[in-house]
Protein chains: 2
Amino acid sequence: MGTSLSMENQIVAAIRRIMRAVDLHSRRLAEEHGLTGPQLATLQAAANLGESSTGTLARAVHLSGPTVTGILDRLTKRGLVDRTRNGQDRRSVTVRLTSDGESVLAAAPSLLQDRFRQELTRLEEWEQTTILATLQRMAAMMDAESLDASPLLVPGPLDAATQAAAPVISPAETVAESTDSAAIPAKAPTVP
Amino acid sequence: MGTSLSMENQIVAAIRRIMRAVDLHSRRLAEEHGLTGPQLATLQAAANLGESSTGTLARAVHLSGPTVTGILDRLTKRGLVDRTRNGQDRRSVTVRLTSDGESVLAAAPSLLQDRFRQELTRLEEWEQTTILATLQRMAAMMDAESLDASPLLVPGPLDAATQAAAPVISPAETVAESTDSAAIPAKAPTVP
DNA sequence: CCGACATGCTTCGCACACGAACGAAATCTT
DNA sequence: AAGATTTCGTTCGTGTGCGAAGCATGTCGG
């Protein structure tokens with residue numbers, strides 16, 4: 001019967017290979033620069049956003065709260081960031097880069113492997129666009145499902161909020177520079 | 001050229017989102033079926049390959065030896081697989097599915113989220129092909145670098161869409177995963 | 001003013017995932 | 001045949017990653 005799994009299996013296999021490659025590259029970064037991939041990503045986000053809470057940071061790097069807490073623990077231990085309780089809202093924790101953190105970040109390489117970057121820039125522009133569009137499309141399709149457990153299907157019109165969360169098809173005009181992840185206004189719990 | 005930086009960041013972000021979605025889906029699988037993604041993948045590989053050593057299994061699922069050892073530990077503890085020392089080569093360990101493992105596997109869902117699968121099948125065929133080709137291309141570029149610094153590269157990055165598309169899609173039959181590796185027992189060029 | 005609830009971060013337990021190091025077994029060398 | 005080397009799997013240590021639970025704090029209704 002359903003032996004037509006090949007397409008699915010190939011997609012799964014390709015994703016797994018990519019994940020593994022990312023992981024291996026992360027370890028290489030740690031060896032050569034003392035920073036793993038997630039640590040570097042968090043550091044970059046902290047630099048881009050300026051002073052920000054750990055929650056904001058978590059949303060920016062697409063990771064859960066506990067995960068960034070752990071990463072910030074190691075970053076703090078190495079003296080690259082600074083965690084202080086916010087004065088206004090004392091629940092919140094403000095994260096700042098130290099000068100050490102800034103210099104380390106300035107000297108740090110890209111999150112992508114050098115060779116991959118070179119090959120990428122060597123491609124035709126339409127190919128790069130295709131790759132990016134495909135990845136974003138995949139990301140939108142996959143984390144849309146994870147994000148909401150509600151049985152609500154996508155009807156016709158989408159309001160601004162949903163649109164921001166899942167811009168499935170966009171023309172060649174992909175996003176410019178936006179650091180995205182604007183607000184995410186505290187979603188209401190669906191089920192108790 | 002100013003836009004090249006943002007392109008990189010967007011690619012990284014998309015990959016992270018995909019990885020996170022895969023992870024979240026894995027946890028949902030664990031909740032609903034008692035099997036995480038890697039466990040299910042390993043179980044499927046064990047079923048496809050029949051009796052096989054843990055090393056063969058590791059290569060099949062694109063994971064390291066220690067990782068599959070851990071996964072097999074949990075699978076064994078649940079009585080889904082059976083580990084026995086090989087009679088011929090007593091270093092090797094033969095992995096077999098138990099009857100429990102087979103029934104669990106038969107009842108198990110796909111590694112991909114249902115909704116993602118539905119959306120995928122709803123796409124035009126050329127779009128599916130593009131997605132698969134892009135993912136495989138990414139995987140090839142990225143794990144080529146991680147694997148080694150060997151000069152093995154993808155042939156022509158030119159007109160790849162047509163070129164890459166054709167050989168990639170094999171018929172529904174037994175995809176026989178690796179186009180790579182084949183027989184590795186050549187030499188061991190390791191560290192000095 | 002004070003409980004009831006909400007929010008933000010941390011702690012805890014689990015499951016990957018890897019390289020390094022280890023012991024056992026097989027293979028090669030001398 | 002004895003020793004060196006390779007190969008196979010496991011164990012160890014580190015670093016993600018998550019949800020659930022725990023605290024501390026803020027906010028709202030009575």
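Convention: sequence-line order gives letters A, B, ...; per-chain numbering from 1.
Salt bridge present: B:Asp73 and B:Arg83 bring a charged side-chain N and a carboxylate O closer than 4.0 Å. Contact check on B:Asp114 versus B:Arg117 returns a salt bridge, with a Lys/Arg side-chain nitrogen under 4.0 Å from an Asp/Glu carboxylate oxygen. With respect to A:Glu127 and B:Arg137, a salt bridge is recorded, a charged nitrogen being found less than 4.0 Å from a carboxylate O.
Within 4.0 Å (heavy atoms only), B:Ser92 reaches sugar-phosphate atoms of the nucleic acid but no base atom. Using a 4.0 Å heavy-atom criterion, one finds that A:Glu31 contacts no nucleic acid atom at all. Among the protein residues, B:Gly70 comes within range of no part of the nucleic acid, since none of its heavy atoms lies under 4.0 Å from any strand.
For A:Arg90 against D:dT25, a side-chain-to-base donor-acceptor contact under 3.5 Å is absent.
Distances from the side chain of A:Arg91 to the nucleotides C:dC16, C:dT7, C:dT10 place C:dT7 closest. Comparing D:dT10, C:dA15, C:dC9 against the side chain of B:Arg83 picks out D:dT10 as the nearest. Residue B:Ser64 has its side chain nearest to C:dG19 when only D:dC18, C:dG19, C:dC9 are considered. Closest to the B:Pro66 side chain, of the nucleotides D:dT10, C:dC9, C:dC16, is D:dT10. The B:Pro38 side chain lies nearest to C:dA17 when the options are C:dA17, C:dT11, D:dT16. Listed candidates were C:dC18, D:dT25, D:dT10. Nearest to the side chain of A:Asp89 is D:dT25. Nearest to the side-chain atoms of A:Leu63 among the listed nucleotides C:dA15, D:dG17, C:dA17 stands D:dG17.
A close approach under 4.0 Å does occur between a side-chain nitrogen or oxygen of B:Arg74 and OP1 or OP2 of C:dC16. A close approach under 4.0 Å does not occur between any side-chain nitrogen or oxygen of A:Arg85 and OP1 or OP2 of C:dT10. In this structure, B:Thr54 reaches the D:dG9 phosphate: one of its side-chain N or O atoms is under 4.0 Å from OP1 or OP2. Within the structure, a side-chain polar atom (N or O) of B:Ser53 is placed less than 4.0 Å from OP1 or OP2 of D:dG9. Of the side-chain N and O atoms in B:Gln39, one or more sit less than 4.0 angstrom from OP1 or OP2 of C:dC16. Listed pair A:Thr67 / D:dG17 fails the phosphate criterion, with no side-chain N or O lying under 4.0 Å from OP1 or OP2. The phosphate of C:dC16 (OP1 or OP2) has a side-chain N or O of B:Thr36 nearer than 4.0 angstrom.
When the nearest nucleotides of DNA chain C are assigned to A:Gly65 and A:Asp23 by heavy-atom distance, the more 5′-ward of the two goes with A:Gly65. Residues A:Met19 and A:Val68 each lie close to DNA chain C; by heavy-atom proximity, the contact nearer the 5' end of the strand is made by A:Val68. The nearest heavy atom of DNA chain D to A:Gly37 and to B:Asp73 marks one nucleotide each, and the one closer to the 5' end goes with B:Asp73.
Here C:dC16 presents its C1' atom at 17 Å from CG of B:Leu43, a figure rounded to the nearest Å. Between the NE2 atom of B:His25 and the P atom of D:dG19 there is a distance of 15 Å, rounded to whole Å. Going from atom CG of B:Leu40 over to atom P of C:dC16 covers 11 Å, rounded to whole Å. Rounding to whole angstrom units, CG of residue B:Leu72 and P of D:dG9 are separated by 10 Å.
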Subject >> Chi angles and distances behind the side-chain contact (heavy atoms from CB on, under 4.5 Å) call for A:Thr36, A:Arg27 >> reply: CA-CA 6 Å; A:Thr36 66; A:Arg27 284 164 211 281; over 6 Å; no
Original post:
Should B:Met138 and B:Ile15 be marked as a side-chain contact (heavy atoms from CB on, under 4.5 Å) after you check the CA-CA gap, both sets of side-chain angles, and the distance that decides it?
Top reply: CA-CA 10 Å; B:Met138 293 267 309; B:Ile15 292 176; 3.7 Å; yes
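Taking 4.5 Å as the limit, every side-chain heavy atom of B:Asn9 sits out of range of all side-chain heavy atoms of A:Leu111.
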